[in-house]
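In what follows, every heavy atom counts, from backbone to side chain, and hydrogens, waters and symmetry copies are set aside.
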Amino acid sequence: MVLDNAPSWQKVLASEFDADYMQVLKKFLRAEKDAQKVIYPYSSNWFHALEITPLDNVKVVILGQDPYHQAGQAHGLCFSVLPGIKTPPSLVNIFKELETDLGIVAVNHGYLESWAKQGVLLLNAVLTVEDSKPNAHQGKGWELLTDKIIETVNAECEHVVFLLWGSYAQKKGAMIDTVRHCVLKAPHPSPLSAYRGFFGCQHFSQANDYLKQHNKLPVEWQLPHDLSTEI
């Protein structure tokens, strides 16, 4: 469990991997694997969000809860699924809001890699899950690490847009300095709650407006139709 492929994060998070809570987490994950339990995503993708979005590139943070728990879905970026996998309902609703907000028509995949490459940190609070058991790895230690990641962005970066969808993300992001950064809140895009205010929140246009106001390139939220250059 290392951050060799994420050097900018390694500098600020190295001490976390020696912390007691991380030793407990490592022991838990090792025991799960020894018990032949199937864990998503693959261990090579546990830190994919940090690997593809370096600390000094972060300009937007989207917080999720834990990874998708069915085979082939999760690959380390919240809300994103691998090519060829059916777009999950929450992401379908995100695409609907993008179309309403910015006129961006949904593509036929849910692979959000291009957002991450532009500086959108797609971070789940919990980085692993057991097959078919949502939230199975909550409270095992991941939340402490991802709290540290959020604290680091809050302290080390300037003028970042935090998109906090749902009460879970909003509680996790409660420490964010709202003077230094832009914090946008809405209900979760889940079909259970999207109609309570996620639809119509206009977070994507608001995020880009804020970035432009602070001399940052806006995010190209349009996902590529052709994934051959992304994979």
With K33 via salt bridge (Lys or Arg N to Asp or Glu O under 4.0 Å) - residues at least two apart: none
Tell me every residue that passes ring pair (Phe, Tyr, Trp, His ring centres under 6.0 Å) with Y195, counting only those two or more places apart in sequence or in another chain. F199
List in chain and number order the residues that pass ring pair (Phe, Tyr, Trp, His ring centres under 6.0 Å) with W221, two or more places apart in sequence or in another chain; answer none if no residue qualifies. W115, F204
Exactly one of V183, L122, V161, V153 clears side-chain contact (heavy atoms from CB on, under 4.5 Å) with V61, and that residue is V153
Do the side chain of [X] and the main chain of [Y] share a donor and acceptor less than 3.5 angstrom apart?
X    : Y   : value
N45  : G76 : no
E130 : H69 : no
Q73  : L82 : no
Y111 : S80 : no

Side-chain heavy atoms of [X] within contact of [Y], under 4.5 Å:
X    : Y    : result
P224 : V107 : no
S90  : H188 : yes
P41  : W46  : yes
L25  : L145 : no
D209 : K212 : yes
L63  : L123 : yes
T53  : V120 : no
Q118 : L217 : no

Residues two or more places apart in sequence or in another chain: which of them pass side-chain contact (heavy atoms from CB on, under 4.5 Å) with Q138? Q65, V126, N135, E143, Y168
If I compare all heavy atoms of [X] with all of [Y], which pair ends up nearest, and what's the gap?
X    : Y    : value
E97  : C201 : OE2-N, 3.5 Å
H159 : K216 : O-NZ, 3.1 Å
Q170 : A186 : NE2-O, 3.0 Å

When you group the ILVMFWY residues by side-chain heavy-atom contacts below 4.5 Å and let the links chain together, are [Y] and [X] in the same group?
X    : Y    : answer
V24  : L13  : no
L29  : F17  : yes
M175 : L164 : yes
I104 : V219 : yes

First locate atom [atom1] of [X], then atom [atom2] of [Y], and finally report the distance between them rounded to the nearest 0.5 Å.
X    : Y    : atom1 : atom2 : answer
K140 : K27  : NZ    : NZ    : 12.5 Å
L50  : L127 : CG    : CG    : 7.5 Å
N208 : Q202 : CG    : CD    : 12.5 Å
N154 : D177 : CG    : CG    : 5.5 Å
W142 : F28  : CH2   : CZ    : 10.5 Å
H109 : I85  : NE2   : CD1   : 13.5 Å

Remaining members of hydrophobic cluster (4.5 Å side-chain criterion), V129: V38, Y40
Single hit among Y68, W165, F95 for ring pair (Phe, Tyr, Trp, His ring centres under 6.0 Å) with F79: W165
Going through the distances and angles, do Q222 and L102 end up as a side-chain contact (heavy atoms from CB on, under 4.5 Å)? CA-CA 9 Å; Q222 175 66 67; L102 291 170; over 6 Å; no
As a quick check of understanding, evaluate side-chain contact (heavy atoms from CB on, under 4.5 Å) for H48 and L77, giving each step before the final call. CA-CA 7 Å; H48 187 48; L77 304 181; 3.8 Å; yes
H137 and T128 side chains, donor-acceptor separation under 3.5 Å: yes
Sort and list the pairs that fulfil side-chain hydrogen bond (donor to acceptor under 3.5 Å, both in side chains) and have at least one residue in residues 5-18, not counting sequence neighbours. E16-Y21
Chi angles and distances behind the side-chain contact (heavy atoms from CB on, under 4.5 Å) call for L184, Y210: CA-CA 11 Å; L184 300 176; Y210 179 85; over 6 Å; no
Heavy-atom neighbours of D20 CG exceed 12 at 6.0 Å: no
Within a 6.0 Å radius of atom NZ on K148, are there more than 12 heavy atoms belonging to other residues, nucleotides or ligands? no
Check this for me: does any side-chain nitrogen of one of K172 and D147 sit under 4.0 Å from a carboxylate oxygen of the other? yes
Worked verdict on E158 versus R180 for side-chain contact (heavy atoms from CB on, under 4.5 Å): CA-CA 6 Å; E158 289 190 13; R180 187 184 180 105; 3.6 Å; yes
